[in-house]
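Throughout, numbering of the chain's residues begins at 1 and tracks the sequence. Treat the numbers as computed from the prediction; the structure is a model and nothing was measured.
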Amino acid sequence: MRRLATLLALLLPGLAAAETCPPAPLQAVSLPATHAAVAHGAPLTIVAFGSSSTEGAASSGPEATYPAQLQARLRAALPGLPVVVLNRGKSGQEVPEMLARLEADVLAEHPVLVIWQAGANAVLQGMPAEESRAALAGGVARIQATGADVLLMDSQRAPASCNPRASSGWTRRSTGWPRRPRPSCSPAPR
């Protein structure tokens, strides 16, 4: 349990933020597959799935992306545990495009945990919230059917997506899950 608490403490804060993020309450999450892997010393394969923020479009290099930072921190915190964090971010994509590559980029890796960041591009592209919600829910179900845990990472805020007329309530409407204080990762409901 202590190793899982370490893992969660590393996952939930802003991982690769260049500046200090506003404080956010630590959220208790249930990640049974991740807990079991850590408890048994089994390899921990994590897939970071998303668009430009995951890919690292504005980072100073591949080692500065949040998946690379997460991998380095987990390896340091969990010595002896085989940890791999795969970066499966593709700039500009929203949930329908991500679903098209879910099998090859995520499920084929047999992850224990998938961290999925989606939403900002949907706001910027004017995608209807219900359409995005249905697509996201279908993808979450496919991942969970493999036995993997899923953490949904709140979308990155950009000036256009923070426009109250463009994004007011979008996260809540598109996922059906309550909006969390920034930054946040939320486990997908089972």
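Atom CZ of F49 and atom CG of L86 lie 12.5 Å apart (nearest 0.5 Å). Between the CG atom of L136 and the CE atom of M98 there is a distance of 9.0 Å, given to the nearest 0.5 Å. Atom CD of Q117 is separated from atom CG of L151 by 12.0 Å, given to the nearest 0.5 angstrom.
In terms of heavy atoms, I115 sits closest to Y66 at CG2-OH, 3.5 Å. Here the closest heavy-atom approach between residue G147 and residue A33 is recorded as O-CB, 3.3 Å. Listed here is the closest heavy atom pair of W116 and L99: CH2-CD2, 4.0 Å. Of all heavy-atom pairs spanning A48 and P67, the tightest one is CB-CG, 3.5 Å. Contact between A42 and L81 at its shortest, heavy atoms only, is O-CD1, 3.2 Å. The two residues A148 and P111 have their closest heavy-atom pair at CB-O, 3.3 Å.
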(request) Report the C-alpha separation of I46 and V112 in whole Å, then their side-chain angles, then the decisive distance to 0.1 Å, and conclude whether the side-chain contact (heavy atoms from CB on, under 4.5 Å) test is met. (result) CA-CA 6 Å; I46 299 171; V112 173; 6.0 Å; no

(message) Under the criterion side-chain contact (heavy atoms from CB on, under 4.5 Å), I'd like the reasoning laid out for D149 against V29: C-alpha separation, chi angles, the key distance, then a yes or no.
(response) CA-CA 10 Å; D149 293 324; V29 295; over 6 Å; no

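Remark: side-chain polar atoms of Q71 are paired, donor with acceptor, to backbone N or O of V85 under 3.5 angstrom. Judged purely by atom type and a 3.5 angstrom limit, E109 has no side-chain atom pairing as donor or acceptor with the backbone of V106.
For the side-chain hydrogen bond (donor to acceptor under 3.5 Å, both in side chains) test, residues two or more places apart in sequence or in another chain that qualify with R101 are Q93, D105. In this structure E63 satisfies the side-chain hydrogen bond (donor to acceptor under 3.5 Å, both in side chains) test with no other residue, sequence neighbours excluded.
Residue pairs satisfying the salt bridge (Lys or Arg N to Asp or Glu O under 4.0 Å) criterion with at least one member in residues 139-148, sequence neighbours excluded, are absent.
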